[in-house]
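Worksheet: the structure to be examined is printed underneath.
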Amino acid sequence: MLEGLEAVRKRPAMYIGSTGASGMHHLVYEAVDNSIDEVLAGHAKNIDVILHPDNSVTVVDDGRGIPVDPHPKFKNLSALEVVMTKLHAGGKFDKKSYKVSGGLHGVGVSVVNALSEWLEVEVSRDGRTFHQRFQRGTPAAPLKVVGDTEDRGTKVTFKPAPQLFGDLKFSFETLSTRLRELAFLNAGTRITMLDERDDKKHDFFYEGGSVAFVKFLNANKTAL
Ligand code: 0RA
């Protein structure tokens, strides 16, 4: 069930709902959902989302890092390149685990890649940091080792393609509403946000889960 990203570039709305503001924000949710899956698998605790002045976005997690070894089915490609460039290859490879966090579409990070002017991924695992850059979903350079590290995790930075989204800008408010809900739904997960355009910040961390969510909704209201 793997295929190239041509279909996504041709009919973006089929994958992200629209090429308006809602679709563009969906790209961030898609990237964050991948990190949430790593939380649900029990390997990540922190997700950071950073909005940059050029309308690119970074999503970082402290999970295991996307695997970088050769992919069993695509002998010449790293697993990372398969996750990034093949449709429907975003899920975990083992059958025991399954994707639970996927939102409305749940189409995977390759769709984000296909609809981005450029995307850079940095993976830290097994003592090393790896980096690869893509343009409109196509590798612009091979996967490279860029340093040694003790850290683990995945960092994805992408800029939505202006050919599709025009000069739309990310809304800090829209993203914070969704990311706060994800923090409520995934009790014990810390989700931070930084808007580099004006230095606004959020730090969402709720031990109380849905109980804390109801308290949040009820703030400044008279409960029945
Ligand atoms: C496939 C397998 C494994 C981890 C991931 C994907 C993974 C994907 C993303 C996307 C964003 N953050 C992520 N973190 C992990 C497991 C690899 C292993 O067994 O070490």
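Remember, it's 1-based here, ligands and their atoms both numbered in the order they're listed.
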Side chains of Asn113 and Thr85: does their closest heavy-atom pair fall under 4.5 Å?
yes
Distance under 4.0 Å to a non-hydrogen atom of Arg125: what atoms of ligand 1 satisfy this?
17 (C), 18 (C), 20 (O)
Subset of ligand 1 atoms that lie under 4.0 Å from at least one heavy atom of Thr154:
11 (C), 12 (N), 13 (C), 14 (N)
Using a cut-off of 6.0 Å, state whether more than 12 heavy atoms not belonging to Lys45 lie near its atom NZ.
no
Under 3.5 Å side-chain donor-acceptor pair for His43 and Glu38:
no
Between His52 and Thr58, does any side-chain donor sit less than 3.5 Å from a side-chain acceptor?
yes
Find all atoms of ligand 1 within a distance of less than 4.0 Å from any non-hydrogen atom belonging to Glu38, and give their numbers and elements.
4 (C), 7 (C), 14 (N), 15 (C)
